[in-house]
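Read through the structure below, which is laid out as structure tokens, and then see the notes.
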Amino acid sequence: MQIDILYFAWVRERIGLPRERVETEAATVADLVAELASREERYALAFADLAALRVALDQELSDFAAPLAGVREIAFFPPMTGG
Amino acid sequence: MQIDILYFAWVRERIGLPRERVETEAATVADLVAELASREERYALAFADLAALRVALDQELSDFAAPLAGVREIAFFPPMTGG
Amino acid sequence: MHLLVQEDRFDIGRETEAFIAGLRHAGAVVTFTGLVRDNGGQLAAMEIEHYPGMTERAIGAIMDEAKARWALEDALVIHRYGRLGPQEQIMMVATAAPHRADAFAAAEFLMDYLKSRAPFWKKEIGADGAEWVAAKASDENALTRW
Amino acid sequence: MHLLVQEDRFDIGRETEAFIAGLRHAGAVVTFTGLVRDNGGQLAAMEIEHYPGMTERAIGAIMDEAKARWALEDALVIHRYGRLGPQEQIMMVATAAPHRADAFAAAEFLMDYLKSRAPFWKKEIGADGAEWVAAKASDENALTRW
């Protein structure tokens with residue numbers, strides 16, 4: 001399946017791009033993260049500490065155990081600092 | 001001694017005047033209240049329920065047991081409803 | 001610290017803007033504005049009586065207390081008296097602090113004390129007569145949290 | 001309910017005035033304004049990144065939740081993104097309710113959730129480099145009270 005991946009804040013800076021479209025068969029968010037981390041060093045660095053990251057599936061906050069079936073857009077970012 | 005007495009809100013309306021200067025030898029606020037209440041019916045009515053009244057001595061909230069020595073201005077009013 | 005007790009209307013937008021423009025370090029500003037409720041169309045006017053002199057002293061003391069308790073850069077209280085129409089602005093409070101928790105707490109504290117400790121009395125003028133607003137037990141109870 | 005996510009500055013005075021002018025029954029209005037703190041003169045600018053689309057959804061959901069929990073007549077959220085200078089206004093929240101307790105609670109609730117659940121990220125640009133603002137444990141903990 002094809003999925004759009006978005007990166008924000010220091011995750012975006014570390015990976016070096018704001019978004020990309022990937023072809024993947026990953027079943028869960030964690031599977032996708034493992035796949036990306038094995039791809040290149042910059043991904044491995046960005047995903048080194050999952051506790052410091054948040055994930056959103058189709059613009060709703062989710063978690064790393066969530067299944068990816070039917071998801072079109074996934075975003076990775078640090079804890080939010082709005083307000 | 002001479003003391004200025006001020007009345008506010010329904011206390012003022014019941015007594016029928018906003019302020020007056022009286023000559024009194026009352027030792028405490030309660031003594032002054034008793035003196036006023038014995039004077040005329042409208043005072044007796046205004047002071048019928050002391051729990052519904054507040055008192056300020058020289059513009060500081062006080063209570064009915066407080067001594068009047070040195071006080072120049074005393075005010076009686078219902079609980080405040082500001083804000 | 002700014003305190004105004006006045007009969008005239010005030011411009012909430014201009015006051016808020018001026019308050020914020022005067023700040024140099026604050027990260028958080030909270031304002032509260034009290035409006036005359038129309039009681040479902042039953043209210044013709046509200047009359048606010050106050051105790052000149054004591055009003056300024058009482059509010060000044062409440063503001064000093066807020067300043068002592070929280071890290072405030074500035075605070076403002078404006079309170080009107082006299083005759084007000086439905087939806088008119090009765091009063092406002094503004095607080096500025098480095099962080100939001102202090103700004104919120106100080107604003108709520110000022111409001112709780114203004115309600116029950118500043119010498120104002122409200123009278124509601126309706127179609128069928130006038131009535132003094134009774135103090136609410138909940139307003140007195142609100143003071144116990146501070 | 002009004003929600004604006006924008007790069008442009010907003011006029012706090014005019015927004016507050018317009019918000020209040022639109023009310024028909026409320027007795028209490030609370031506003032919160034967040035300003036860029038200058039960190040003792042060390043801050044040159046703040047950059048705010050956001051997630052277009054999710055931002056509006058997340059704030060909309062927070063506002064719906066506030067509306068469901070408290071007797072609000074109206075609520076407003078304005079949040080900026082992009083590059084801001086020291087003491088510039090980052091965002092504002094306004095709430096209107098019949099009584100002050102609801103207006104205060106809803107405004108604090110909105111702020112607590114905006115801090116930790118709306119997809120914004122702040123970066124502080126100083127004389128000696130730039131740094132992403134770290135989320136505070138106290139902000140996450142603040143959510144447990146609701």
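In what follows, every chain begins at residue 1, and chains take the letters A, B, ... in the order their sequences are listed.
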Heavy-atom pairs under 4.5 Å with chain B: which of C:K136, C:K122, C:E140 has the most?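 The candidate making the most pairs under 4.5 Å is C:K122.
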
Between C:E47, C:R117, C:E49, which has the largest tally of heavy atom pairs under 4.5 Å with chain B? C:E49

In this structure, are over 12 heavy atoms from other groups packed under 6.0 Å from [X] atom [atom1]?
X      : atom1 : answer
C:R9   : CZ    : no
B:R21  : CZ    : no
C:E131 : CD    : no
C:R14  : CZ    : no

Run through C:W121, C:F120, C:W132 and flag the one making a ring pair (Phe, Tyr, Trp, His ring centres under 6.0 Å) with B:F8.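 Of the listed residues C:W121, C:F120, C:W132, the ring pair (Phe, Tyr, Trp, His ring centres under 6.0 Å) partner of B:F8 is C:W121.
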
Given a strict heavy-atom distance threshold of 4.5 Å, which part of [X] is in contact with chain B: side chain, backbone, both, or neither?
X      : value
C:A118 : backbone
C:A61  : neither
C:R80  : neither

C:H79 (side chain) donor-acceptor with B:G83 (main chain) under 3.5 angstrom: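 Indeed, once roles are kept as given, a pair shorter than 3.5 Å links the two residues.
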
Heavy-atom side-chain proximity of [X] to [Y] below 4.5 angstrom:
X      : Y      : value
C:M54  : B:D58  : no
C:K115 : B:T81  : no
B:E13  : C:K123 : yes
C:P119 : B:M80  : yes

Answer with side chain, backbone, both or neither: which region of B:R54 has an atom nearer than 4.5 Å to a non-hydrogen atom of chain C? neither

In terms of heavy-atom proximity below 4.5 Å to chain C, should B:A56 be classed as side chain, backbone, both, or neither?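 The side chain, not the backbone.
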
